[in-house]
Amino acid sequence: MGRPQAPQGFLMTAGQPLQWDSPVHRQVYEVAVNSSFTEKKKQMNLPLTGCDMENESEKDADQNEKTSNTSESPESVSLADASAEKAASAEKATQGSDTDLEVEDPEKAFAGITGAELYLEACRLMEVVPVSHFIQNLTKPYINLNHHGLGPKGVKAIAIALVSNATVTHLELEDNCILAEGAICIAEMLRENSSLQELNISNNHLDTAGAEAIASLLLDNMSYLHALQLSGNNFGEETAPYFAEALMGNYQVKELDLSHNEFYEKGGQLLGQMLASNTTLEILDLSWNHLRRKGTAALGTGLRDNGALKILNLSWNGIGNEGALALGEALKVNNVLVHLDISNNQINNEGAKKLCRGLEVNGKLKILKMANNPLTMEGATALVTSIRKNPKSMMEEINISNVLVNETFIKLLDLVCQMRPELHVIYGEVEGCIARIPKQHPNPMKVIQNYLKEHNLRLWDFFRNIDKDGNMKIPVAAFRRAMMQQSSIPLDRVQIGELVRKLDRNRTGVVDYSHLREQKPAQKPVEGEIEEEKNKEP
């Protein structure tokens with residue numbers, strides 16, 4: 001395992017005492033000194049101070065006593081006794097050596113200490129129980145400590161261990177009640193750590209003080225984070241100025257989750273101003289924030305000038321028709337956003353029509369989620385018609401899953417899908433289908449099976465023929481387009497939808513057929529593959 005490097009925040013000039021950039025730096029250095037200071041002096045043949053010699057004498061006496069007891073009864077010395085003695089010895093070694101601390105090179109104090117040792121010593125000082133999962137994964141890029149009940153002190157020990165860690169890139173700390181105190185320690189650690197790129201500290205009761213600490217870190221561009229999750233941390237509208245100011249000039253963070261907080265309309269207005277200036281943020285989640293109409297209107301204004309944001313989640317914000325109007329106006333000029341979620345927002349048919357003004361000219365948006373809004377057939381028809389009118393439309397998915405549609409809508413959708421074969425509209429029940437037996441469609445996998453048998457082909461060959469990039473992963477939209485446009489296998493829109501659900505069960509947005517690569521015979525494996533798909537059907 002690589003040796004931790006000394007934090008860069010330590011400053012020292014000859015003959016002058018150490019200076020510190022933060023409380024965490026002091027903790028880290030003190031932990032390092034506690035665990036190795038005297039030993040390093042002995043290894044380097046440096047003179048020991050009176051305190052060091054006294055500590056060594058006590059250590060030798062303790063060791064002799066331990067040896068004597070061991071010789072009398074080897075079984076009597078427990079692991080707990082040995083650990084307690086080691087901890088006591090380390091504590092004694094820290095007393096009375098202030099003079100040497102002022103002239104000792106900080107880097108030498110870290111030279112022989114592993115991250116695990118540093119963490120264990122930090123836990124001892126914080127008086128918290130070490131987390132074995134953290135120790136076991138310190139040399140891996142991903143650590144998940146969600147729901148571990150760490151508290152502020154537990155997270156402080158983790159922050160100390162990570163200051164100079166060079167391997168962990170993704171850290172999960174959700175639901176640990178770390179409070180503002182823990183957030184401050186995390187922020188101070190991130191000012192020195194150059195490896196951590198993804199951090200989740202959602203649902204930790206960070207409150208205003210925690211928001212200020214994190215925002216200050218972002219404002220100074222002092223971390224290497226590009227993905228940050230801060231959902232459910234009691235951030236009120238008084239914290240919005242912190243984040244708005246920080247993100248206006250931040251050029252590191254690309255993904256930010258601020259959902260389930262309480263920014264309200266004022267916060268939305270400030271964050272909208274931020275969007276007009278930010279040039280880095282690509283994914284922003286502001287769902288469940290009570291943004292309402294004015295807050296969303298400001299976000300819409302910010303979107304007009306934004307050239308970076310690709311995914312925006314505004315679900316559960318009560319934006320109403322006014323918010324839909326603002327977003328529609330933004331979509332007229334925005335040429336970057338590809339995914340917009342405005343589900344559960346009290347948008348009715350009138351609001352949908354206002355949004356359609358933007359959809360009729362926008363040439364970038366691919367996914368629009370509008371489920372659980374009070375729409376009817378009228379609003380659903382307006383949405384699909386706007387795509388039909390727009391020759392530049394890139395729309396791949398519209399989710400209006402709660403809307404009851406009729407046969408007229410289905411005919412319109414079939415017509416639009418002939419022009420836009422990649423389009424998938426998720427709607428509710430079809431009016432009248434409950435009263436009568438729905439139209440039966442041949443199993444699409446059986447249709448494909450019959451075609452393959454006739455042409456002596458493997459399923460691998462079938463997929464490879466429609467895979468333009470040759471990477472064995474076909475985006476769902478591209479797969480829909482290829483299936484609709486090919487004429488050799490007669491499948492309609494409904495059958496292709498069923499096929500996609502089977503081939504992309506986890507809804508990843510990609511049809512992955514790499515597992516078919518080793519298939520050898522022409523017919524039997526195909527039948528086996530089809531049979532396997534049939535067995536998986538509910």
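For reference, positions follow the sequence shown, starting with 1.
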Checklist line | Aromatic ring pairing Phe235/Phe243, orientation class (parallel under 30°, perpendicular over 60°, tilted between) | finding: tilted

Next item on the list: Verify the neighbour count for atom OH of Tyr224: are there more than 12 heavy atoms of other residues, nucleotides or ligands below 6.0 Å?
Entry: no

Next item on the list: For atom CD of Glu322, decide whether the heavy atoms of other residues, nucleotides or ligands shown that lie under 6.0 angstrom number more than 12.
Entry: no

Note to self: Quick test of your reading of the model: are Lys353 and Glu350 salt-bridged, counting only N-O distances below 4.0 Å?
What the structure shows: no

Next item on the list: Verify the neighbour count for atom CD of Glu255: are there more than 12 heavy atoms of other residues, nucleotides or ligands below 6.0 Å?
Entry: yes

Margin query: Which residue is it: Val128, Val129, Val131? I am looking for the one with a side chain to side chain contact (heavy atoms under 4.5 Å, CB included) to Leu150.
Written below: Val131

Check: Thr508 and Asn506: side chain to side chain donor-acceptor pair (under 3.5 Å), yes or no, with the steps?
Finding: CA-CA 6 Å; Thr508 61; Asn506 296 325; over 6 Å; no

Item checked: side chain to side chain donor-acceptor pair (under 3.5 Å) assessment of Thr376 paired with Asn349 -> CA-CA 7 Å; Thr376 66; Asn349 294 334; 2.7 Å; yes

Note to self: Please evaluate residues Thr280 and Asn278 with respect to the criterion side chain to side chain donor-acceptor pair (under 3.5 Å), reporting the C-alpha separation (whole Å), side-chain torsions for both, the decisive distance (0.1 Å), and the verdict.
What the structure shows: CA-CA 6 Å; Thr280 308; Asn278 184 280; 4.8 Å; no

Next item on the list: Give a yes or no answer on whether the side chain of Asp175 reaches the backbone of Asn146 with a donor-acceptor pair at less than 3.5 Å.
Entry: no

Next item on the list: Please say whether more than 12 non-hydrogen atoms of neighbouring residues, nucleotides or ligands are located less than 6.0 Å from CZ in Arg304.
Entry: yes

Check: For Ser231, which of Ser259, Ser287, Ser202 qualifies under side chain to side chain donor-acceptor pair (under 3.5 Å)?
Finding: Ser259

Margin query: Using the side chain to side chain contact (heavy atoms under 4.5 Å, CB included) definition, which of the options Asn345, Ile398, Leu383 pairs with Met370?
Written below: Leu383

Item checked: Intermediate values then yes/no, side-chain contact (heavy atoms from CB on, under 4.5 Å), Asn193 and Ser223 -> CA-CA 7 Å; Asn193 181 289; Ser223 79; over 6 Å; no

Check: Taking Asn165 for the side chain and Ser195 for the main chain, is one N or O donor matched with an acceptor at less than 3.5 Å?
Finding: no

Checklist line | Pairing of Arg501 and Glu498 as salt bridge, 4.0 angstrom limit | finding: no

Item checked: Phe263 vs Thr239, side-chain contact (heavy atoms from CB on, under 4.5 Å): CA-CA, chis, key distance, verdict -> CA-CA 8 Å; Phe263 287 121; Thr239 67; 3.4 Å; yes

Margin query: Is a donor from one side chain sitting under 3.5 angstrom from an acceptor on the other, for His148 and Asn176?
Written below: no

Check: Has Lys389 got more than 12 heavy atoms of other residues, nucleotides or ligands less than 6.0 Å from its NZ?
Finding: no

Item checked: Over 12 non-hydrogen atoms of neighbours within 6.0 angstrom of NZ in Lys354 -> yes

Checklist line | side chain to side chain contact (heavy atoms under 4.5 Å, CB included), paired with Leu368, selected from Leu355, Ile387, Ile400, Asn399 | finding: Leu355

Item checked: Side chain Asp341, main chain Leu314, donor-acceptor under 3.5 Å -> no

Check: Side chains of Asp207 and Asn234: is there a donor and an acceptor less than 3.5 Å apart?
Finding: yes

Check: Asn221 and Gln252: side chain to side chain donor-acceptor pair (under 3.5 Å), yes or no, with the steps?
Finding: CA-CA 7 Å; Asn221 281 289; Gln252 297 285 354; 5.1 Å; no

Note to self: Does His424 form a side-chain contact (heavy atoms from CB on, under 4.5 Å) with Val500? I'd like the steps, not just the answer.
What the structure shows: CA-CA 11 Å; His424 177 48; Val500 168; over 6 Å; no

Note to self: Between Asn362 and Asn334 (side chain of the first, backbone of the second, donor and acceptor by atom type, cut-off under 3.5 Å), is there such a pair?
What the structure shows: yes

Margin query: One pair to check against side-chain contact (heavy atoms from CB on, under 4.5 Å): Lys369 and Ser315. What are the steps and the verdict?
Written below: CA-CA 9 Å; Lys369 296 188 175 183; Ser315 60; over 6 Å; no

